Amino acid sequence: MGKDECKTMLDALNKVTACYRHLVIALGSTSDSQNLREELKRTRKKAQELAVANRTKLTSLLKDKSISKEDRAEYERLWVLFSSSMELLEVDMKRSLEIGQDFPLKVPTRHLIQTGMTGSTTTVAARAMSVQNMKYEADSNIDTADLRDLQCEISQVSQMMEEMEMKVQVAPWAVEAKQEAGAELKSNMSVGNSSVGVISICEEEPKEEEGGGSRDSGFASICAVVIFLVIVTVAVVLGYLVINMS
Amino acid sequence: MTIRNPLRDHGQRYRPRIACLKKAEKVLLEMQDLKTGVKSQPQRLVITTIPHAITGEDIIAWLADRFQVDTQEARSFGSMLVALGYIYPLQDHKRLVIKPDASLYRFQTPYFWPTQQWPVEDTDYAIYLAKRNIRKKGILEVHEQEHYNRLHKWMNHKWDFIVMQAKEQYRAAKERKKPDRVVFDCQERAYWVVHRPPPGTVSAMDYGLDRLIDPNADEAKTPDFYARIMIFTQQSIMRPRVKSSVSLGALVKYCATYNNHDPFLSKCLPSNPWLTDDVTYWTLNMPYVEIPTKMRVERWTFSFAELLSDPRGRNDFRLFLKKEFSGENLAFWEGCEDLKWGEAATMREKAEHIYKTFLARGAPRWINIDGKTMEITVKGLKHPHRYVLDAAQTHIYMLMKKDSYGRYQKSPVFKETVKKAICPEEHHFTDAQLEQNAKKRRPSLSPIILRQMEQEQRAKMAANVDITQLCRFTTPVPHLAVYSGITDFPSANASPSLPFLAHSPACPSPISVALDSTSASERRVEAGEGEGEGNPAAQAPAGGNVSKSRMALSLQRLLKRGCTPATLFASLSPKCHSAAGTSSRIQPISPDQPSQAPPRRIGNFFQIKVDIPPECRIYPIESEDEDEENRAASRGGVGAKEIICPWESLTPQNGTG
């Protein structure tokens with residue numbers, strides 16, 4: 001159905017927006033690198049594709065005059081979701097342009113800010129692109145070359161948003177949200193992903209961090225141990241049978 | 001190339017510029033240098049080690065070294081960097097100050113740097129709160145919970161998006177390694193502490209109101225634009241020019257005089273409360289303190305304006321004037337100030353009250369202003385507005401400044417105050433004491449309470465007003481002449497009625513205007529005449545002289561009408577502003593006046609000789625004349641009202657006349 005398609009596409013766009021934000025936050029800091037710039041570029045392109053797809057779909061749905069009132073309300077809600085996502089994306093793109101210009105990678109006198117983040121953002125980008133591993137094949141001057149593309153893309157996105165505002169007659173304030181306050185606490189972790197460990201922040205909450213950490217790695221290690229034992233047991237049993245047989 | 005989208009830009013970028021941000025960013029970048037920047041060390045948490053932590057003392061040392069300043073200033077600079085959000089503390093994250101010890105800080109990532117170009121969105125804050133909700137499993141801090149509820153109410157239409165985005169961001173964050181996750185959480189939290197400060201703290205990014213127009217934009221060249229330029233240039237030409245040597249001299253003199261009194265340029269005794277958190281300075285300099293400080297008293301000698309603007313100085317001056325029996329000047333001036341700055345609703349009553357108390361003939365606290373000013377004022381009082389008493393106020397101000405101020409500075413009152421003034425000792429606080437002071441900080445008196453105190457003071461002042469200055473009228477001629485309306489007067493002072501004919505603005509036509517068109521002045525003329533006629537006609541007060549005086553009045557008016565062209569001609573003479581000249585010409589016109597003057601004068605004289613009559617006694621005696629005047633002007637039923645306000649004669653019930 002059109003609605004479900006829309007929802008999945010919106011979910012995808014949402015995911016990419018969130019990942020893009022994480023990547024932009026890492027710009028300019030010590031976790032910045034060639035790879036990060038390439039990740040930004042690829043995520044951005046994907047976001048734009050999704051945006052265009054979403055937009056065409058939603059506009060076609062909304063233009064349809066023959067839909068029922070509830071359907072229309074639902075589409076309007078989806079439209080508000082879409083436009084809010086696009087707003088976030090646009091701001092993040094503009095900021096990445098600004099920070100990218102301020103922090104070129106190749107200039108040795110220009111230092112990156114020592115924020116304490118040193119790891120790479122590969123996993124985040126992989127999540128955004130929905131791939132297992134990221135492959136990096138960009139040139140070495142991606143930080144400057146990409147900026148021009150970025151500018152074009154930003155103007156494209158801005159244009160798209162203008163058109164959206166002009167053409168689609170949806171009053172965003174009239175939309176009622178389906179989720180109530182505190183909804184984020186429910187149906188948590190629906191996408192199966194690691195444990196429900198509580199991430200601690202700083203020295204102020206060391207205990208929880210410890211608990212979370214150990215729980216995280218413990219689970220994996222316990223699984224591994226269990227599987228190993230199972231395999232060993234099976235091997236022992238088979239060996240015993242073989243020996244018995246012979 | 002800056003991406004600008006004028007269509008969707010709602011003008012919110014034109015804010016008061018926080019220029020220090022760009023400069024702070026440069027400093028930040030210098031601090032990053034591995035060789036010459038701030039030394040960093042790893043932060044050891046329980047199982048992870050996170051690099052790039054810096055200690056407070058290292059930051060302060062580096063700043064002091066780089067900018068060649070002392071530690072105190074480096075510390076303030078460091079605190080500013082922390083307050084703006086470029087560096088955030090790892091322990092005690094809510095207090096954005098630099099501690100000069102081994103407490104740890106870290107640099108903020110450029111995305112979270114404070115910037116005016118990207119306003120802090122409520123959507124982002126809502127997403128952050130939702131994420132925090134997830135992490136803390138529903139237990140937010142009180143102010144965060146309040147914000148959350150409020151945002152949920154006002155951003156309800158976006159709430160689905162916020163929840164979705166919060167969950168996605170939370171999951172994306174989990175993709176990173178543990179140390180990076182910790183750092184990211186610290187960064188985000190620090191960012192929101194700066195931009196949504198917890199209650200009781202202030203955000204360093206507060207910049208006041210947003211501007212609606214871009215100050216750097218080019219203005220469209222409309223006729224209106226050019227009209228404004230023309231008006232501006234015309235006014236510039238008309239402005240009185242001062243030689244630069246004169247104005248520079250004034251500037252130099254000002255700087256030299258106020259140098260020692262400036263808390264930035266010289267020491268603030270006992271200590272500057274903003275630096276040491278000790279409020280002795282403020283308690284010693286309260287508005288109505290008993291014993292002022294030496295510096296404050298010295299400021300009173302700089303200029304009259306300084307003396308008047310300081311409430312304690314004004315009290316002192318008032319005391320001096322009371323001894324000199326010229327307190328009404330200051331009271332009038334204060335009344336005018338009250339009118340200028342007060343509420344519009346009570347303006348009319350205030351103006352009336354001031355007129356009755358200070359300006360009218362026979363007022364209890366009559367002030368000494370010249371006839372021209374009086375005429376302008378009374379004319380203006382017909383349609384009272386805020387600045388109607390401006391001319392009179394300026395006159396009285398200059399009078400006080402030139403006359404009383406000099407005498408005040410030589411008076412025993414002032415000398416006594418100077419002798420008693422205190423000079424507090426300077427404080428020398430140790431660091432521990434400074435910390436103590438910071439802990440003992442309390443909010444000062446609320447402005448509501450201060451205003452109540454001020455109003456009480458004012459009420460007390462009003463209650464204490466004494467009319468003793470009437471005693472002045474026992475002294476001979478100048479004031480009597482004023483009061484009784486003798487026409488050949490030496491000074492510019494004159495009684496209200498006559499000079500309305502004589503003292504007119506330079507051009508003659510306003511006189512005719514004043515005489516003919518303005519019915520009030522007509523009435524005044526009539527009143528003056530009527531009074532002149534009424535007195536011989538009715539020796540006894542009140543009573544049935546009404547008809548008689550009315551008759552007399554109409555007769556008189558006929559005569560006077562014939563005479564008014566003469567007055568016109570008289571006033572058309574080029575030097576009409578010369579008081580004596582015109583008055584001498586007018587004198588023959590109203591020959592009755594001088595004959596009336598002596599009996600009136602004697603009458604007044606006797607009146608006044610009755611020493612300090614209480615207010616209630618003045619009015620009945622006065623109202624004798626006033627009543628006649630009233631009836632002469634055919635205004636029935638004014639019985640109880642003592643002093644006429646000229647504008648009130650315009651009221652429609654006084655139709656006959």
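Here the structure is a predicted model, which means the values were calculated and not measured.
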List for me each residue that meets ring-ring contact (aromatic ring centres under 6.0 Å, His included) alongside [X], sequence neighbours excluded, and say none if there are none.
X: A/W79; value: A/F82
X: B/H52; value: none
X: B/H195; value: B/Y191

>> For the residue pair B/R135 and B/Y170, would you count it as a cation-pi contact if the rule is NZ or CZ under 6.0 angstrom from the ring centre and within 45 degrees of the ring axis?
In response: no
Relative to chain A, which segment of [X] carries a heavy atom at a distance below 4.5 Å: side chain, backbone, both, or neither?
X: B/T115; result: side chain
X: B/A130; result: both
X: B/E25; result: neither

> For A/L147, is it the side chain, the backbone, both or neither that has a heavy atom under 4.5 Å from a heavy atom of chain B?
Replying inline: neither
> By a 4.5 Å heavy-atom criterion (distance strictly below it), what part of A/R21 contacts chain B: side chain, backbone, both, or neither?
Replying inline: side chain
> Looking only at side chains, do B/W192 and B/E144 share a donor and an acceptor under 3.5 Å apart?
Replying inline: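 There is no such pair (donor and acceptor under 3.5 Å, judged by atom type) between the side chains of B/W192 and B/E144.
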> Which members of residues 30-39 of chain B, sorted by number, sit under 4.5 angstrom from chain A on a heavy-atom basis?
Replying inline: B/Q32, B/D33, B/L34
> Under 6.0 Å between ring centres, would you say that holds for B/F77 and B/W62?
Replying inline: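 Distance test on ring centres: not under 6.0 Å, no.
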